[in-house]
Number of protein chains: 2
Amino acid sequence: MARIPGRSPTAPPTLADVAERAGVSRQTVSNAVNNPDLLRSDTLLRVQEAIEELGYLPNRAARNLRTRASHLVGLRINPVQEGTASAIMDRFVHSLVETSREAGKHVLLFAGDPLDPLAGYDDLLRSTAVDAFVVTDTYLGNPQATWLGARRAPFVAFGRPWDNPAASHPWVDVDGAAGCDLATTHLLDQGHERVAWIGWRKDSWIGEDRRSGWTRAMRERGLATTGLASRVEDTVASGRGASAVLLDEARPTAFVCASDTLAMGVLHTLAERGLVAGRDVAVVGFDDSQVAQVVPPGLTSVRQPLEQVAVEVVKALEGLLAHPPAVGPGVLLTPTLAVRGSSSAVGFGS
Amino acid sequence: MARIPGRSPTAPPTLADVAERAGVSRQTVSNAVNNPDLLRSDTLLRVQEAIEELGYLPNRAARNLRTRASHLVGLRINPVQEGTASAIMDRFVHSLVETSREAGKHVLLFAGDPLDPLAGYDDLLRSTAVDAFVVTDTYLGNPQATWLGARRAPFVAFGRPWDNPAASHPWVDVDGAAGCDLATTHLLDQGHERVAWIGWRKDSWIGEDRRSGWTRAMRERGLATTGLASRVEDTVASGRGASAVLLDEARPTAFVCASDTLAMGVLHTLAERGLVAGRDVAVVGFDDSQVAQVVPPGLTSVRQPLEQVAVEVVKALEGLLAHPPAVGPGVLLTPTLAVRGSSSAVGFGS
DNA sequence: ATATTGCTTTGGAACGTTCCAGAGACATCC
DNA sequence: GGATGTCTCTGGAACGTTCCAAAGCAATAT
């Protein structure tokens, strides 16, 4: 037996077990796992057989201790916002987990207090539980970025450093302006001329960015935007209120919204007034949430390429954790438009 | 300086650093952290001051190696199903993360291939990366349970062991029958008598459980159920098709659905026919998804108490990882009903 | 024949923590 | 006065891995 007497029979095999079985030293087994090129081919084969037979896998804790790396990436998640539509987080999380796996990393979740953007980071960092963080809520003007930067904590942001374009940390973001331009142009192509905007309050960088896409597309066709825009909170009720006012005062035939949540507010107004989305008034949302996908007659929505975002984030992480660390420029990805019944005359088909 | 020469100044402090500063041995510092009762109060104070001053936190890897525990819980997540409404996973994940934190644990995510229920578990287990798993997709008749059981891997299931009620692993589940009973009774109280059921195919344990709640509620009031039920795939299209047929053939005035996805299908049918949900036909879904919360006029839906589920799951985990392990009986929680416009005459109000 | 080189393999040390057995101080008991 | 016990603290060992320096060995160069 390769087992040391007294060892529990269910305890996983160690390097020493494999080494004994293969008739080599511990270090050779370690090399077989981490630097196979160093071994003579027949030795390698023998060791690999022993590994296979024993079902050996390196002990994570021991490896982490020695290499000072956990191969874990920390991701803070906030409570799900009830009553809103935009749940892109789970799609992103899945993509991130999947991509991280391919890079030999796992994702460690921790809870966040939405009011305290720094909570949770410190402990994980000081206890060396994670190698790096993925920071998502940069809409806050990311104090995390500066804080993490000061602590020399490696992190990649999903979201631009709006308040400091010269920030030196890696980031990946989606071009909201391009997305809204896409959405607006799509509506203009359908013949609409009075396309209204419902977005967020002026202090939201992301909101203003998205809004600029709408403005740009309208100006490009020489269309006026005055009186056609509204800035409100990101709630269904606000979207409903804003769309009601706009319909009364500016008579738009289409709406572009900064979020699916706001777009759902528009659908509420339409339903109240007996109007049919897609036939009487066109609506486009942002995020391509599950809501957009299933609400009748389907809500056209700007879709963020979260799978690509995850790929770029992981790529940046790998650069950051390499020796020496390599920080590339920020990456800006372009979203696509998922066209559904709310902005096309196809009605309730397929 | 407490630092060993050559040590990077950004490297976190270790037990030895704290010990030197406080003028005690390593072990005493360790005791100050883990068994404060063992120390004389003045020593404890002195050590705690040193810990505070240096910002010491135990190195996770070293601790994990020594104690053979990672304080990590593995959770497998599947890709987000596009085109469906029921995204309860992110709500559950958040609750689990939050509750785990209070228990001193973190959640490690890993990706799953929906077709291979075992993928991913094995590696994490053999590399001792996690202490235990939370298994969620028991609708598969959970082969994971038996597999993990055979490997002596600690795990708690969210979902009953349908195929083996005598299974000895801890589990937590939500009473789907009670939820659908609640939903149906709610509709009957509103004066409906012809309440239809749209559920899943017969091979789904969960589906049959939920259906039995509808049957029970109908029978209790002496109402017939024949011709009022349909069993289909869990897609919007199936829900639309089933509801169209039911409306034509059985003239129901209300629908109870096994999922919000199916309920959205019903809403599609109503929209096509110019019928108004909540006024002409009542609809109730299951899961209280974000879709249910924001779709006009609001979809009444059965809400799973996921926060409670998380609490019970973590409680079970703690029992499982205690010495000696303690396995309590399965826990069955009762859902609530979130009433909205689709099942009440309040219409498009608040 | 000896030195040099390159390839392969090895044993000891170290990562930072906790377990364990025991040391030292002091009080209590016979 | 010595045995016994209690409280507090300590140093060595161990967890399983990888780093490091060096050893063994064969082939080539001097």
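Values below: every heavy atom of this structure, side chains too, minus hydrogens, waters and symmetry copies. First the proteins, then the strands, lettered A, B, ... as listed; each starts at 1. As the structure is a prediction and not an experimental result, all values here were calculated from the model.
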- line: CG (B:L118) and CZ (B:R151) are apart, to the nearest 0.5 Å, by 9.0 Å
query: Considering the options A:D122, A:D123, A:T128, which one meets the side chain to side chain donor-acceptor pair (under 3.5 Å) requirement together with A:R126?
result: A:D122
message: Can you tell me how far apart CZ (A:F92) and CD1 (A:I77) are? Round to the nearest 0.5 Å.
response: 12.5 Å
query: Starting at CG of B:N59 and ending at P of C:dA14, how long is that distance when rounded to a whole Å?
result: 17 Å
query: What integer distance in Å separates B:R68:CZ from D:dT17:C1'?
result: 13 Å
message: Under 4.0 Å from OP1 or OP2 of C:dG16: is there any side-chain N or O of B:T14 that close?
response: no
query: Separation of B:N64 atom CG from C:dC15 atom P, in whole Å?
result: 18 Å
message: How many whole angstroms separate atom CG of B:L39 from atom C1' of C:dA25?
response: 16 Å
task: May I ask you to decide whether B:E312 forms a salt bridge with B:K315, counting only side-chain N to carboxylate O separations under 4.0 Å?
output: yes
message: Rounding to an integer number of Å, can you tell me how far B:D37 CG sits from D:dT6 P?
response: 17 Å
field: Of B:V130, B:L72, B:L321, B:L96, the residue whose pairing with B:K105 passes side-chain contact (heavy atoms from CB on, under 4.5 Å)
entry: B:L321
query: Which class fits the ring pair A:F110 and A:Y121: parallel under 30°, tilted 30 to 60°, perpendicular over 60°?
result: perpendicular
task: Take atom NE2 of B:H71 and atom C1' of C:dT17, then tell me their distance rounded to the nearest Å.
output: 12 Å
message: OP1 or OP2 of C:dT10 versus the side-chain N and O atoms of A:T28: is any pair under 4.0 Å?
response: yes
query: For the pair made of CD1 in B:I51 and C1' in C:dT17, what is the distance, rounded to whole Å?
result: 13 Å
Please tabulate the protein-to-nucleotide N/O contacts below 3.5 Å involving nucleotides 18-24 of chain C, giving atom names and distances.
from	atom 1	to	atom 2	distance (Å)
C:dT18	OP1	B:N34	ND2	2.8
C:dT18	OP1	B:R63	NE	3.0
C:dT18	OP1	B:R63	NH2	3.0
C:dT18	OP2	B:S30	OG	2.6
C:dT18	OP2	B:N34	ND2	3.4
C:dT18	O2	B:R66	NH1	2.7
C:dC19	N4	B:Q27	OE1	2.3

query: Between C:dT9 atom C1' and A:L44 atom CG, what is the distance in whole Å?
result: 13 Å
